[in-house]
Amino acid sequence: MFWERFYNLCIKNGKKPNPLGKEIGISSGIISKWKNGSIPNGETLIVLAKFFNCSVDYLLGLEESQPQITEYNNSSVSNNLDEQQQKLIDNYNKLNDSAQKALVQYSDFMITKPENLKEPADADQMIS
């Protein structure tokens, strides 16, 4: 079951398993073992789940559908995200730790420039 899920997620992301593995630091030898029935260790399953934006349970075949994982997964906030906001979270979740930090630093930089900010809300509409 793991191999089927992994393979299908690779294809869904427009990649074949070996090139995708190389991209996230997994050797082709390990991927070959998966194809022959091995299951990744816990740490690798977590890396894959983050990359594919799914749960470890989904990768292992313990869940039928592929739930979308976000930082807000257990709150109603995730249901209120527009497509662009969800894409930003999905892309963030696919990045390694270093790239995630760089993205946060860039967003921090962007909000220091007044021209990048949304127009301030009317004072009447602000909640105190």
Side-chain angles (χ1 to χ4, degrees):
M1 178 58 73
F2 168 76
W3 174 254
E4 290 174 13
R5 295 276 169 100
F6 174 71
Y7 181 82
N8 289 333
L9 287 167
C10 289
I11 299 306
K12 183 178 174 183
N13 281 273
K15 300 184 184 231
K16 292 189 176 184
N18 283 331
L20 186 133
K22 184 177 181 181
E23 182 179 322
I24 59 177
I26 298 169
S27 73
S28 59
I30 296 293
I31 291 174
S32 244
K33 287 181 181 181
W34 297 347
K35 187 174 183 178
N36 292 321
S38 287
I39 296 174
N41 65 35
E43 185 178 322
T44 302
L45 284 167
I46 292 168
V47 168
L48 292 170
K50 283 183 178 181
F51 180 84
F52 290 123
N53 193 29
C54 68
S55 69
V56 169
D57 285 348
Y58 177 78
L59 288 172
L60 294 174
L62 302 173
E63 290 179 350
E64 287 301 313
S65 62
Q66 180 183 356
Q68 295 296 304
I69 306 299
T70 68
E71 294 298 316
Y72 310 104
N73 195 29
N74 291 322
S75 100
S76 61
V77 175
S78 64
N79 296 329
N80 296 326
L81 298 176
D82 66 31
E83 188 176 323
Q84 191 171 5
Q85 292 167 330
Q86 185 63 51
K87 182 175 179 153
L88 182 60
I89 291 171
D90 291 345
N91 288 344
Y92 173 87
N93 287 336
K94 290 178 183 177
L95 298 173
N96 64 34
D97 289 342
S98 175
Q100 286 177 346
K101 287 176 186 172
L103 182 58
V104 169
Q105 288 174 341
Y106 183 69
S107 70
D108 288 342
F109 167 74
M110 291 295 291
I111 63 172
T112 63
K113 298 193 169 275
E115 66 270 17
N116 292 333
L117 299 177
K118 292 181 178 181
E119 293 295 319
D122 291 337
D124 299 355
Q125 296 175 352
M126 294 185 71
I127 299 173
S128 43

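As the structure is a computational prediction, the values presented were derived from the model and not from experiment.
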Just wondering, more than 12 heavy atoms not from Phe2 lying within 6.0 Å of its CZ? yes
So, taking the atom named NZ in Lys35 and the one named CG in Asn18, what distance separates them when rounded to the nearest 0.5 Å? 8.5 Å
Might you point out which heavy atoms bring Leu59 and Ala49 nearest each other, and give the distance in Å? CD1-N, 3.6 Å
Side chain to side chain contact (heavy atoms under 4.5 Å, CB included) between Leu48 and Ile24, worked out: CA-CA 8 Å; Leu48 292 170; Ile24 59 177; 3.5 Å; yes
With a 3.5 Å distance limit and no angle check, can you tell me whether Asn41 reaches the backbone of Glu43 through a side-chain donor-acceptor pair? yes
Go through the steps to decide whether Leu20 and Phe6 satisfy the test side chain to side chain contact (heavy atoms under 4.5 Å, CB included), and finish with yes or no. CA-CA 10 Å; Leu20 186 133; Phe6 174 71; 4.2 Å; yes
Applying side chain to side chain contact (heavy atoms under 4.5 Å, CB included) to Asn91 and Lys87, what does each step give before you reach the verdict? CA-CA 6 Å; Asn91 288 344; Lys87 182 175 179 153; 3.7 Å; yes
Are Leu95 and Val47 grouped together when hydrophobic residues (ILVMFWY) are joined by side-chain heavy atoms under 4.5 angstrom apart? no
Would you mind reporting whether Phe52 and Cys10 have side-chain heavy atoms less than 4.5 Å apart? yes
Could you tell me which non-hydrogen atom of Thr112 sits nearest to which non-hydrogen atom of Asp108, and how far apart they are? CG2-O, 3.3 Å
How far apart are the C-alpha atoms of Trp34 and Tyr7, what are their side-chain angles, what is the distance that settles it, and do they pass the side chain to side chain contact (heavy atoms under 4.5 Å, CB included) test? CA-CA 10 Å; Trp34 297 347; Tyr7 181 82; over 6 Å; no
Do Leu45 and Leu62 land in one hydrophobic cluster if side-chain heavy atoms of ILVMFWY residues count as linked below 4.5 Å? yes
Taking atom CG of Leu103 and atom CD of Gln105, what is their separation to the nearest 0.5 Å? 10.0 Å
Residue pair Trp3 / Asn36, side-chain heavy-atom distance below 4.5 Å: no
Nearest non-hydrogen partners of Asn116 and Met110, listed with the distance: ND2-O, 3.0 Å
Looking at every non-hydrogen atom in both residues, tell me the closest pair between Met1 and Leu60 and how far apart they are. CG-O, 3.9 Å
Looking at NZ of Lys12 and CG of Asn8, how far apart are the two atoms once the value is rounded to the nearest 0.5 Å? 9.5 Å
If I take atom CG from residue Asn96 and atom NZ from residue Lys101, how far apart are they, to the nearest 0.5 angstrom? 10.0 Å
Closest approach of Ile31 and Pro17, non-hydrogen atoms and distance? CD1-O, 3.3 Å
Between CG of Asn53 and CZ of Phe51, what distance do you get to the nearest 0.5 Å? 10.5 Å
Minimum heavy-atom distance between Glu63 and Arg5, given as atom pair plus value: O-NH1, 2.8 Å
